[in-house]
Amino acid sequence: MDSIYGNQKEILRQVMDHVVGKIRDYNEEIKDKTGHPIYEHLICRLKSEDSMREKCMRKGEEVSPVTALKVMKDAIGIRIVTGFVDDIFTLIHKIRCIPGFSVIEEKDYINNAKPNGYRSYHMILEIEYPYAEDILGENPGRYFVEIQLRTIAMDCWASLEHEMKYKRTIANQQMLVAELKRCADELASCDVTMQTIRNLIRADEAKE
Ligand code: 0O2
């Protein structure tokens with residue numbers, strides 16, 4: 001079977017490395033300046049062929065490389081996990097300013113959590129990549145990248161909730177959904193406290 005990404009799979013990996021490289025460079029810059037990294041860890045992935053085909057069908061779109069790369073916008077996904085909520089917003093500001101990166105969509109599920117308790121900040125970027133032609137033959141190529149930014153606490157909740165999605169035929173579903181929401185809210189409250197503690201420590205250090 002032909003790839004859902006046509007002849008672009010290797011180029012998608014290069015674009016992903018290019019974007020991740022810029023974010024890692026910024027992390028190093030901040031670490032040199034302040035002694036602390038801006039994020040704890042970063043993971044990236046190309047959406048699997050099966051997931052992309054399934055998503056094209058679910059959205060009622062043609063299953064083709066043009067749909068996968070120009071209609072769907074999450075073939076390349078990057079997740080940045082920070083220790084503190086403020087670091088997410090510092091990173092968002094920085095990402096918006098990187099030359100060649102255009103933010104075309106943002107979803108703030110931190111200030112507007114999903115009803116189930118999911119929290120995260122999502123950005124869709126359009127990247128101008130000067131070293132390759134995209135699926136429409138444009139050069140420089142234009143590629144979409146989804147970036148999700150979360151704290152460790154938000155990431156912990158999302159990972160466990162995602163795992164439990166496969167078992168929803170269970171009894172007491174309503175109670176479990178409510179308990180999951182309660183866990184998400186408690187973790188959000190911890191994030192606020194941790195942020196406050198760090199602010200107090202930093203304010204004290206600044207006095208010295
Ligand atoms: P994967 O494997 O993580 O990529 P769409 O992207 O169009 O299907 P929507 O609603 O426009 O859906 O996108 P949205 O809200 O930006 O969320 C897309 C991604 O966010 C999901 O990707 C998840 O990674 C994450 N996400 C959103 N809501 C939840 C949630 O309630 N729980 C968890 N655990 N993750 C969530 P995919 O495509 O599902 O999978």
Side-chain angles (χ1 to χ4, degrees), residues 16 19 23 38-61 63 67-96 101-126 144-199:
M16 185 163 76
V19 177
I23 297 168
I38 190 83
Y39 61 80
E40 291 289 327
H41 67 270
L42 175 159
I43 56 171
C44 56
R45 61 110 183 93
L46 277 191
K47 202 174 190 76
S48 73
E49 298 257 346
D50 285 351
S51 298
M52 183 53 85
R53 284 174 199 280
E54 182 278 321
K55 183 166 178 176
C56 293
M57 284 190 274
R58 180 163 40 88
K59 302 270 178 186
E61 299 282 350
V63 181
T67 310
L69 295 168
K70 291 292 180 184
V71 180
M72 304 305 154
K73 299 190 172 70
D74 64 346
I76 300 173
I78 298 172
R79 185 172 293 154
I80 307 175
V81 179
T82 68
F84 299 89
V85 178
D86 279 5
D87 294 339
I88 293 178
F89 290 93
T90 305
L91 273 160
I92 291 166
H93 178 72
K94 176 66 192 179
I95 290 167
R96 286 187 189 134
F101 289 19
S102 307
V103 180
I104 58 158
E105 196 182 313
E106 291 180 77
K107 289 185 192 166
D108 183 353
Y109 296 127
I110 295 177
N111 288 306
N112 306 289
K114 283 196 168 183
N116 64 356
Y118 177 76
R119 286 172 173 82
S120 206
Y121 196 98
H122 295 187
M123 305 175 90
I124 303 288
L125 307 181
E126 192 178 37
F144 294 113
V145 174
E146 183 187 69
I147 301 190
Q148 298 180 347
L149 301 109
R150 316 169 163 167
T151 62
I152 295 169
M154 294 171 196
D155 191 49
C156 168
W157 184 91
S159 302
L160 298 178
E161 191 264 357
H162 182 74
E163 196 187 304
M164 289 190 271
K165 264 192 184 146
Y166 302 102
K167 298 155 196 164
R168 282 214 173 137
T169 45
I170 201 162
N172 298 326
Q173 192 180 334
Q174 232 179 337
M175 183 269 283
L176 296 178
V177 168
E179 283 301 295
L180 264 174
K181 166 83 167 58
R182 191 171 63 80
C183 285
D185 293 346
E186 285 178 2
L187 287 166
S189 163
C190 286
D191 267 339
V192 171
T193 309
M194 288 298 211
Q195 182 69 60
T196 308
I197 294 169
R198 187 176 77 169
N199 292 351

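Since this is a predicted model, take the numbers as computed values, not measurements.
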J.: Indicate yes or no: at least one non-hydrogen side-chain atom of Val85 is less than 4.5 angstrom from one of Tyr121.
T.: no
J.: Does Ser189 have any side-chain contact (heavy atoms from CB on, under 4.5 Å) partners at least two apart in sequence or in another chain, and if so, which?
T.: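 side-chain contact (heavy atoms from CB on, under 4.5 Å) list for Ser189, sorted by chain: empty.
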J.: Using side-chain contact (heavy atoms from CB on, under 4.5 Å) as the criterion, list what pairs up with Thr90, not counting sequence neighbours.
T.: Tyr26, Ile38
J.: The criterion is side-chain hydrogen bond (donor to acceptor under 3.5 Å, both in side chains); which residues satisfy it with Thr82, sequence neighbours excluded?
T.: none
J.: Would you say the side chain of Phe144 lies within less than 4.5 Å of the side chain of Ile124, judging by non-hydrogen atoms?
T.: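 Answer yes - side chains close enough.
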J.: Let me confirm one number: the CD1-CG distance from Ile80 to Asp155, rounded to the nearest 0.5 Å.
T.: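 The CG atom of Asp155 is 12.0 Å from CD1 of Ile80, to the nearest 0.5 Å.
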J.: Given Ile88 and Ile110, is the side-chain contact (heavy atoms from CB on, under 4.5 Å) satisfied, shown in steps?
T.: CA-CA 10 Å; Ile88 293 178; Ile110 295 177; 3.7 Å; yes
J.: CG/Asp74 to CD/Gln148 distance, rounded to the nearest 0.5 angstrom?
T.: 8.5 Å
J.: Who pairs with Glu61 by salt bridge (Lys or Arg N to Asp or Glu O under 4.0 Å), at least two apart in sequence or on another chain?
T.: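 Counting only residues at least two positions away or on another chain, Glu61 forms no salt bridge (Lys or Arg N to Asp or Glu O under 4.0 Å).
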J.: Does the side chain of Met16 come within less than 4.5 Å of Arg45's, by heavy atoms?
T.: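 No, their side chains stay 4.5 Å or more apart.
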J.: Quick one: list whatever passes salt bridge (Lys or Arg N to Asp or Glu O under 4.0 Å) with Asp185, sequence neighbours left out.
T.: Arg119, Lys181
J.: Of all residues at least two apart in sequence or in a different chain, which pass the side-chain hydrogen bond (donor to acceptor under 3.5 Å, both in side chains) check with Ser48?
T.: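 Applying side-chain hydrogen bond (donor to acceptor under 3.5 Å, both in side chains) to Ser48 gives Ser51.
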J.: Thr151 versus Met154: any side-chain heavy-atom pair under 4.5 Å?
T.: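 Yes, at least one pair of side-chain atoms sits under 4.5 Å.
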J.: So, Asn199 and Gln195: side-chain donor and acceptor under 3.5 Å apart, yes or no?
T.: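 Yes, a side-chain donor-acceptor pair sits under 3.5 Å.
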J.: Crowded around Met194 CE? As in, over 12 foreign heavy atoms under 6.0 Å?
T.: no
J.: Suppose we screen for side-chain contact (heavy atoms from CB on, under 4.5 Å). Which residues come up paired with Ile43, at least two apart in sequence or across chains?
T.: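 His41, Arg79.
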J.: Got a sec, which residues hit salt bridge (Lys or Arg N to Asp or Glu O under 4.0 Å) with Lys114, two or more places apart in sequence or on another chain?
T.: none
J.: Can you list everything that forms a side-chain contact (heavy atoms from CB on, under 4.5 Å) with Thr193? Sequence neighbours excluded, please.
T.: Ile197
J.: Not counting sequence neighbours, which residues clear salt bridge (Lys or Arg N to Asp or Glu O under 4.0 Å) with Arg182? List them please.
T.: Glu179, Glu186
J.: Might you work through the side-chain contact (heavy atoms from CB on, under 4.5 Å) test for Val81 and Tyr39, ending with a clear yes or no?
T.: CA-CA 6 Å; Val81 179; Tyr39 61 80; over 6 Å; no
J.: Out of curiosity, Glu146 CD to Lys107 NZ, how far, rounded to the nearest 0.5 Å?
T.: 7.5 Å
J.: Using the test ring-ring contact (aromatic ring centres under 6.0 Å, His included), find all partners of His122 that sit at least two apart in sequence or belong to another chain.
T.: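 Applying ring-ring contact (aromatic ring centres under 6.0 Å, His included) to His122 gives Tyr109, Tyr118.
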J.: To the nearest 0.5 Å, tell me how far Ser120 OG sits from Asp108 CG.
T.: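 Interatomic distance, Ser120 OG to Asp108 CG, rounded to 0.5 Å: 9.5 Å.
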J.: How many angstroms lie between atom CG of Leu91 and atom CE of Met123, to the nearest 0.5 angstrom?
T.: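 Result: 9.5 Å between the selected atoms.
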J.: Are any non-hydrogen side-chain atoms of Asp87 and Phe84 less than 4.5 angstrom apart?
T.: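 They are in side-chain contact.
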J.: Rounded to the nearest 0.5 Å, what separation is found between the CG atom of Leu160 and the CG atom of Leu180?
T.: 8.5 Å
J.: Which residues pass the side-chain hydrogen bond (donor to acceptor under 3.5 Å, both in side chains) test with Lys94, sequence neighbours left out?
T.: none
J.: Taking the basic N atoms (NZ, or NE/NH1/NH2) and the acidic carboxylate oxygens, is any pair closer than 4.0 Å for Arg150 and Asp191?
T.: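 No, no charged N to carboxylate O under 4.0 Å.
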J.: Should Val19 and Ile76 count as side-chain neighbours, where that means a heavy-atom distance under 4.5 Å?
T.: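 Contact flag for Val19/Ile76 side chains = no.
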